[in-house]
Amino acid sequence: MTVVTRFAPSPTGFLHIGGARTALFNWLYARHTGGKFLLRIEDTDRERSTDEAIAAILDSLNWLELEWEGEPVYQAQRVERHAEVARTMLAQGKAYHCYCSPEELTEMRESARAEGRPMRYDGRWRDRDRSEAPAGIKPVVRLRAPQEGETVIRDKVQGDITIANAQLDDMVLLRSDGTPTYMLAVVVDDHDMGVTHVVRGDDHLTNAARQMQIFQAMDWPVPVFAHLPLIHGPDGAKLSKRHGAVGAEAYREMGFLPEAMRNYLLRLGWAHGDDETISTEQAVAWFDFDGIGRSPARFDMAKLTALNLHYIKIADDARLARLTAPLLGARLGRTLDEGGLALLTAAMPSMKERAKTLVEMAENAEFYFHPRPVAPDEKAAKVLTPEARGAIAELAGELAGVAEWNAPALEAVVRGHAERAGLGLGKVAQPLRAALTGRTVSPPVFDVMAIFGREESLARLTDAAAA
RNA sequence: GACCCCUUCGUCUAGCGGUCAGGACACGACCCUUUCACGGUUGAGACACGGGUUCGAUUCCCGUAGGGGUCGCCA
């Protein structure tokens, strides 16, 4: 049997970070088993669903490189099929019309709560004849759910979950306007799409029991369920807007790499022994449900950042430059041209060990693109004392004489100078840094000079010496 | 309120009856060092509580406490 998983977001906002993890696990499991990963947009709530949200979700999934198979299925386009299934159940006596008013339902819930009973519909229209129907009321269609016994969800993560059928009421399948509810739509779509494994958030666990009743009523095979524990904020409450960024796209904007995001999300609730940095290839090879924990995990920005540092360090220079260029361009107020991109790429080896995010990378690289004369920041200005400027002038003269303009040769010159002057390298390098970059923090000065090239470097030093 | 679930360092977790309870992030110290980082070494840091079962419980069972989820003609 080929495994078929799916991710089924409702397009009412950005891709939630929890949704991103759900999508990742579905994708991984499909890849691990050689199965298929499908995408379904649950847009049956026409009020809240928007095209922008759909675009944002697809965009985030693309960013995370979680590619799905085929075209996304739009649930709203399948309402006729959903209604057809409801009619079938009606014809088979698996469902019935209910003429309760909203007021009746509310009252039912309130009295149930007051008496400490489970809040559920009491099934008053279960066996009543249609002739008793009040005039002018459009009925809903409800499932004739089993009232005795129990429904057990054999969950791959949570284990066997047993729920007494008495706890579950006759859920609405078709609204009074004839449109399907989520419960019906999910089951019909999962069945029609051939979904074999339903992997989703823990918040759907009790829904699984209800959905099983629909599968059983239709005599359809029940898929394997795997309910993932939710992601919580640092305070232990369900992750929400007040915790800061909850949308996947926000992390892209903060300069996180998709592979870092995947690794972090994977480890949040899943483990493979002591392994921490797990490549996507390894994840595909190792992923299975038995590695998933049962308790909710807190989102930890620091750990994500540490992982991002690792992935930046091993990433390809040209790719990093390409990803950093727009961020840098925004800071500079202009778009980087080919030459700029080439400079950024060349600078990458000495930059990528010092940035935790691409945003930080852009900040750190900015000085390379500031035109002469260098405008030193406050700290750099302090370093550029008259004595320092004198030393820079001397040094510039010596550096002009090097045959090969590369980092080791330049370092040799400066070291020699420092030794003769009886100074530590730091005493000499720091003014150089200030003169070249206008900052007191930068990549190693010899690398900086090598990147700038002979002409630009000497010009910057001469500027500083002359001031 | 009813039902279901969860509980190992601050955080993510390993552990699947006998371990000095391991790793990672964060934190402290030291080393490396031209700045900032990286890196290396090292330190502190946990089995929620109470009963059982057992020769022996972090591990199995039952309670308690705490936390979470679900109870819509939302998804």
Side-chain angles (χ1 to χ4, degrees), chain A residues 8-12 42-45 47-49 75 98 100 102 105-106 109 112-121 138-142 153 155 158-159 161-164 166-169 171-177 179-183 185-186 201-207 209-210 227 229-230 232 234 236-238 264 267-277 293-307 309 313 351-356 360 364 379 383 411 414-415 418 424-434 437 439-446:
Chain A
S10 55
T12 56
E42 310 217 316
D43 54 351
T44 49
D45 185 346
E47 299 289 305
R48 297 196 301 151
S49 299
Q75 198 160 58
C98 166
C100 277
L105 259 13
T106 307
R109 269 191 290 277
R113 191 193 175 99
E115 291 164 34
R117 288 182 286 113
M119 293 184 283
R120 51 187 288 280
Y121 169 68
K138 287 190 170 171
V140 298
V141 173
R142 285 185 183 271
I153 307 159
D155 194 277
Q158 310 290 346
I161 308 299
T162 304
I163 296 178
Q167 290 296 325
L168 275 14
D169 59 5
M171 77 196 101
V172 173
L173 265 18
L174 238 39
R175 302 186 186 103
S176 50
D177 65 359
T179 59
T181 60
Y182 163 77
M183 286 299 173
V186 167
D202 212 354
D203 48 343
H204 287 286
L205 188 58
T206 42
N207 286 340
R210 310 179 101 89
H227 288 92
L230 267 19
H232 286 180
K238 188 174 175 178
Y264 178 69
R267 279 290 289 106
L268 200 57
W270 179 87
H272 184 267
D274 281 341
D275 295 304
E276 293 288 348
T277 55
R294 297 139 303 269
S295 55
R298 302 182 189 205
F299 193 85
D300 180 15
M301 195 69 123
K303 190 145 185 176
L304 203 211
T305 305
L307 236 18
L309 175 90
K313 213 187 309 181
M351 302 255 329
K352 64 184 186 182
E353 290 200 349
R354 334 185 113 68
K356 292 184 168 66
E360 214 175 288
N364 295 347
K379 285 179 186 165
V383 173
E411 180 167 354
V414 176
R415 275 193 189 279
L425 189 54
K427 287 284 184 210
V428 185
Q430 208 50 2
L432 278 182
R433 185 186 321 280
T437 70
R439 302 179 177 191
T440 53
V441 173
S442 82
V445 285
F446 309 114

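Given the structure is predicted, the values throughout are model-derived calculations rather than measurements. So that the names make sense, note that chain A is the first sequence line, chain B the second, and so on, each numbered from 1.
- Counting to the nearest Å, the P atom of rC5(B) and the CG atom of Asp155(A) are 11 Å from each other.
- Using a 4.5 Å cut-off on side-chain heavy atoms (C-beta onward), Leu425(A) and Arg415(A) make contact.
- Separating the P atom of rU64(B) from that of rA21(B) is a span of 31 Å, rounded to the nearest Å.
- Each of Val445(A) and Thr162(A) lies near RNA chain B, and the nucleotide nearest Thr162(A) is the one positioned closer to the 5' end.
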field: Base-contact (B) and sugar-phosphate-only (S) positions in nucleotides 36-50 of chain B, heavy-atom cut-off under 4.0 Å, - elsewhere
entry: BBSS-----------
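- With rU35(B), rU13(B), rC4(B) as the candidates, the nucleotide lying closest to the side chain of Gln430(A) is rU35(B).
- Here the separation of rG22(B) from rC60(B), taken at their C1' atoms, is 23 Å to the nearest Å.
- With RNA chain B read from its 5' end, the first of the two nearest nucleotides for Val172(A) and Glu411(A) is the one closest to Glu411(A).
- Every residue was checked against the ring-ring contact (aromatic ring centres under 6.0 Å, His included) condition with Tyr121(A), not counting sequence neighbours, and none meets it.
- For the pair Ser176(A) and rC73(B), the criterion of a side-chain N or O lying under 4.0 Å from OP1 or OP2 is not met.
- For the pair Ser442(A)/Arg433(A), a side-chain contact is recorded, criterion being any heavy-atom separation below 4.5 Å from C-beta on.
- When the P atom is compared between rG10(B) and rC4(B), the two are found 31 Å apart, to the nearest whole Å.
- When rounded to the nearest whole Å, the span between CG of Leu304(A) and P of rA24(B) equals 18 Å.
- Counting only heavy atoms from C-beta on, Gln158(A) has its side chain closest to rC5(B) among rA75(B), rC5(B), rC3(B).
- On the P atoms, rC55(B) is 35 Å away from rG66(B), given to the nearest whole Å.
- The side-chain hydrogen bond (donor to acceptor under 3.5 Å, both in side chains) search around His204(A) returns Tyr182(A), Asn207(A), not counting sequence neighbours.
- One can place CG of Leu168(A) at 11 Å from P of rC4(B), the figure rounded to the nearest angstrom.
- To the nearest whole angstrom, the two P atoms, one in rA24(B) and one in rU41(B), are 9 Å apart.
- Counting any heavy atom pair closer than 4.0 Å across all strands shown, Arg48(A) reaches a base atom.
- The partner of rU7(B) is rA65(B), judged by Watson-Crick or G-U wobble contacts that both fall below 3.5 Å.
- Between Lys379(A) atom NZ and rU35(B) atom P the separation is 15 Å, expressed in whole Å.
- Shown here are the salt bridge (charged side-chain N to carboxylate O under 4.0 Å, His left out) partners of Arg294(A), two or more places apart in sequence or in another chain: there are none.
- Residue Thr44(A) is classed as a sugar-phosphate contact, given heavy-atom separations below 4.0 Å to backbone atoms only.
- Using a 4.0 Å heavy-atom cutoff across all strands shown, Gly201(A) reaches no nucleic acid atom at all.
- Heavy atoms of Arg294(A) sit under 4.0 angstrom from primed sugar atoms or phosphate atoms, though from no base atom.
- The separation between Trp270(A) atom CH2 and rG23(B) atom P is 20 Å, rounded to whole Å.
- rU42(B) and rG23(B): their C1' atoms are spaced 16 Å apart (whole Å).
- Atoms CG (Asp275(A)) and C1' (rU13(B)) sit 12 Å apart, rounded to a whole Å.
- Taking only side-chain atoms of Ala302(A), from C-beta outward, the nucleotide of rG22(B), rU34(B), rC25(B) with the closest atom is rC25(B).
- Partner assigned to rA2(B) is rU70(B), using Watson-Crick or G-U wobble distances below 3.5 angstrom.
- Across all strands shown, Phe446(A) has heavy atoms under 4.0 Å from base atoms, whether or not it also approaches the sugar-phosphate.
- When distances are taken from the side chain of Ser295(A) to each of rU7(B), rA75(B), rA24(B), the shortest belongs to rU7(B).
- The glycosidic torsion of rC38(B) lies within 90° of 0, placing the base in the syn range.
- No side-chain heavy atom of Lys379(A) sits under 4.5 Å from any side-chain heavy atom of Arg439(A).
- Looking at Arg298(A), its side chain has no donor and acceptor atom pair within 3.5 Å of the base of rU11(B).
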message: Please determine whether side-chain contact (heavy atoms from CB on, under 4.5 Å) holds for the pair Thr179(A) and Leu174(A), giving the CA-CA distance in whole Å, both sets of side-chain angles, and the decisive distance to 0.1 Å.
response: CA-CA 5 Å; Thr179(A) 59; Leu174(A) 238 39; over 6 Å; no
Please list each protein N or O that sits under 3.5 Å from an N or O in nucleotides 68-70 of chain B, with the distance.
unit_1, atom_1, unit_2, atom_2, d
rU70(B), O2', Thr206(A), OG1, 2.8

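- Listed by chain and number, the residues in a salt bridge (charged side-chain N to carboxylate O under 4.0 Å, His left out) with Arg210(A) are Asp169(A) (sequence neighbours excluded).
- Comparing atom distances between the Arg433(A) side chain and each of rC25(B), rC4(B), rU34(B) picks out rU34(B) as nearest.
- Applying the salt bridge (charged side-chain N to carboxylate O under 4.0 Å, His left out) test to Glu42(A) and every residue at least two apart in sequence or in another chain returns Arg40(A).
- Atoms CE (Met301(A)) and P (rU11(B)) sit 18 Å apart, rounded to a whole Å.
- A donor and an acceptor atom, one from each side chain of His227(A) and Asp155(A), are located under 3.5 Å apart.
- Across all strands shown, Met171(A) has no heavy atoms under 4.0 Å from either base or sugar-phosphate atoms.
- Gln167(A) has its CD atom 15 Å from the P atom of rG1(B), to the nearest Å.
- The salt bridge (charged side-chain N to carboxylate O under 4.0 Å, His left out) check on Arg48(A) picks up Asp45(A), with sequence neighbours excluded.
- Comparing rU54(B) with rC62(B), their C1' atoms are spaced 16 Å from each other, to the whole Å.
- Evaluation of the ring-ring contact (aromatic ring centres under 6.0 Å, His included) rule for His232(A) yields no partner, not counting sequence neighbours.
- Between rG68(B) and rA26(B), the distance separating the two P atoms is 28 Å to the nearest Å.
- Residues Val141(A) and Val172(A) form no side-chain contact, since every pair of their non-hydrogen atoms from C-beta on lies 4.5 Å or further apart.
- Distance from the side chain of Tyr182(A) is smallest to rA75(B) among rA75(B), rG23(B), rC4(B).
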